[in-house]
Structure formats: C-alpha cells, structure tokens
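So the structure is just underneath, and the comments pick up after that.
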Amino acid sequence: MFENTFAAELATRIGTTVEVFTDNGMTDGILSNVTPDLVLVIEVTTGYENEKVYVSVDAINYARFPAAAV
Amino acid sequence: MSPLTDRQRSLLTLANQLSQNLINNTGNNSDSNSGINTDVSVDLPGLDLDVDLNLGRRRPDPAPPAPPARPTTMREVLLSLVNERVQVTTPMDVITGTLIAVRNDYIVVIENSGAQVLIRIDKIELVSEL
C-alpha cells in the first residue's frame, strides 16, 4: 500500500497537490518531481509564471496531501 | 475370617512395606522445609504404583512473569500505535489523526479532514496516544 521510504512514497504521488512542511515554513503546490534527495513543488500563483520550489528531502518534516488530492 | 490367599498375603506385605517406607522417609527427611515430601515407587507384578506425595511442603515460587518489553526506538513506539489515534509533534507543528502505517523512515497519519500526512520519523519529537 505504501512504499518503504519517504521519497519513494512521494514519487508515487507526483502530479497531486501537496503541502510540504519544513522547520522554517510551508510550501504548497503541485508535486512535480521527486529524487531521493530533492522534491520539486510548483507553487500555483495567480501570475503568469508558476514558481518552482526545490526542497531537500532531509529538510522535510512532513508532507500533507489534502483529501481531495488523495 | 477366611484364610488369606497367597496373592492377598503378598499384597498385604507390600502395603506394609509401603507404610514402613513412608515412615522411614519421613524420619530421614530432616532437610526439607516442612511437612512430608517423598517419592515412593512400588513395583508389583502386573501393577505399577508410583506415588508422589507432597504434603504441606511449599513448592518453590514460580518465576515472576516477564515484564512487557518496552520499546527502545521511536519506530518501535510507532509500530505499537498502528491503528490508534495519535498526536505527533514535529519541530513546526502538531499532527493529530489515526496512524495507519509505519515504514522504514516515515509514518502515515490520516487526519480528521481525510488528508494523508507523511511524517518523517527522524523529525518526530513527541508522540502520544490519544
């Protein structure tokens, strides 16, 4: 049901909405890419360009997937 | 009274020996804690009689039951809480919900809203059962 590692589980959820929490804040958007060390979240903004945010996997405390996105 | 048959006489003799044996053993049993504790074995042709008497002597207390194993790692604690309502504290937030899975380096909690939260075990500071 769930992958053995955090990064592997995130990789199965690419394309879904995610909220990524670190010690210093939160990033929410579309989970776009996952490697064993890095997570790419595209923040959806009202402007023309979406902002890419790279988050170190080691820095992530937890990731929340809202019910509608699961 | 009719005379005893050979078989009855033999049985009576053995019964007499058995009672003597009991008395002798009781007298020699000075090292026991209290009461009588002796084993008597009589072998009759066609009849095996094995008597183990334990009269009034205290048996050694059975070993106390081993205490339940206490978890030694955060992961073991989490494994014991699967399917329970938990409160998990991380450096920034507290997550409350039902713990549904524990994997190598993360756990999965379902919040009341239905959201799934993947929490890295390394980042967990506190966990408690609700």
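Numbered from 1 within each chain, the chains take letters A, B, ... in sequence-line order. All values below come from the heavy atoms of this structure, side chains included, with hydrogens, waters and symmetry mates left out.
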| query | Do you reckon B:Val86 sits in the same ILVMFWY cluster as B:Val77, going by side-chain contacts under 4.5 Å, direct or chained? | reply | yes
| message | How close do B:Ala115 and A:Pro66 get, counting heavy atoms only, and between which atoms? | response | CB-CA, 3.9 Å
| request: State yes or no: do B:Ile121 and A:Phe2 share one hydrophobic cluster built from I, L, V, M, F, W and Y residues joined by side-chain heavy-atom distances below 4.5 Å, directly or via other members? | output: no
| B:Val117 and A:Val39: same hydrophobic cluster, using ILVMFWY side-chain contacts below 4.5 Å? | no
| query | Between B:Val88 and A:Tyr62, does a side chain to side chain contact (heavy atoms under 4.5 Å, CB included) hold up when you go through it step by step? | reply | CA-CA 11 Å; B:Val88 181; A:Tyr62 63 92; over 6 Å; no
| Same apolar cluster: B:Ile119 and B:Leu79, side chain cutoff 4.5 Å | yes
| note | Rounded to the nearest 0.5 Å, the CG atom of B:Asp122 sits from the CG atom of A:Asn61 at a distance of 10.5 Å
| field | Residues from residues 96-112 of chain B approaching chain A under 4.5 Å (heavy atoms) | value | B:Ile100, B:Ala101, B:Arg103, B:Asn104, B:Asp105, B:Tyr106, B:Val108, B:Glu111
| Sorted by number, residues from residues 3-10 of chain A in contact with chain B (heavy atoms, under 4.5 Å) | A:Glu3, A:Asn4, A:Thr5, A:Phe6, A:Glu9, A:Leu10
| task | Provide the closest heavy-atom pair for A:Ala67 versus B:Ser113 in the form atom of the first, atom of the second, distance. | result | CB-O, 3.5 Å
| remark: Under 4.5 Å to a heavy atom of chain A? For B:Ile124 that would be neither
| message | Checking an interface table here. Which of residues 20-29 of chain A come within a heavy-atom distance under 4.5 Å of chain B? | response | A:Phe21, A:Thr22, A:Asp23, A:Asn24, A:Gly25
| message | Membership question, hydrophobic clusters at under 4.5 Å side-chain separation (ILVMFWY): are B:Leu78 and A:Met1 in the same one? | response | no
| message | Which heavy atom of B:Arg120 sits nearest to which heavy atom of A:Ala59, and what is that distance? | response | NH1-N, 4.1 Å
| said: Taking side-chain hydrogen bond (donor to acceptor under 3.5 Å, both in side chains) as the definition, give me every residue that meets it alongside A:Asp58, ordered by chain and number, with sequence neighbours left out. | reply: none
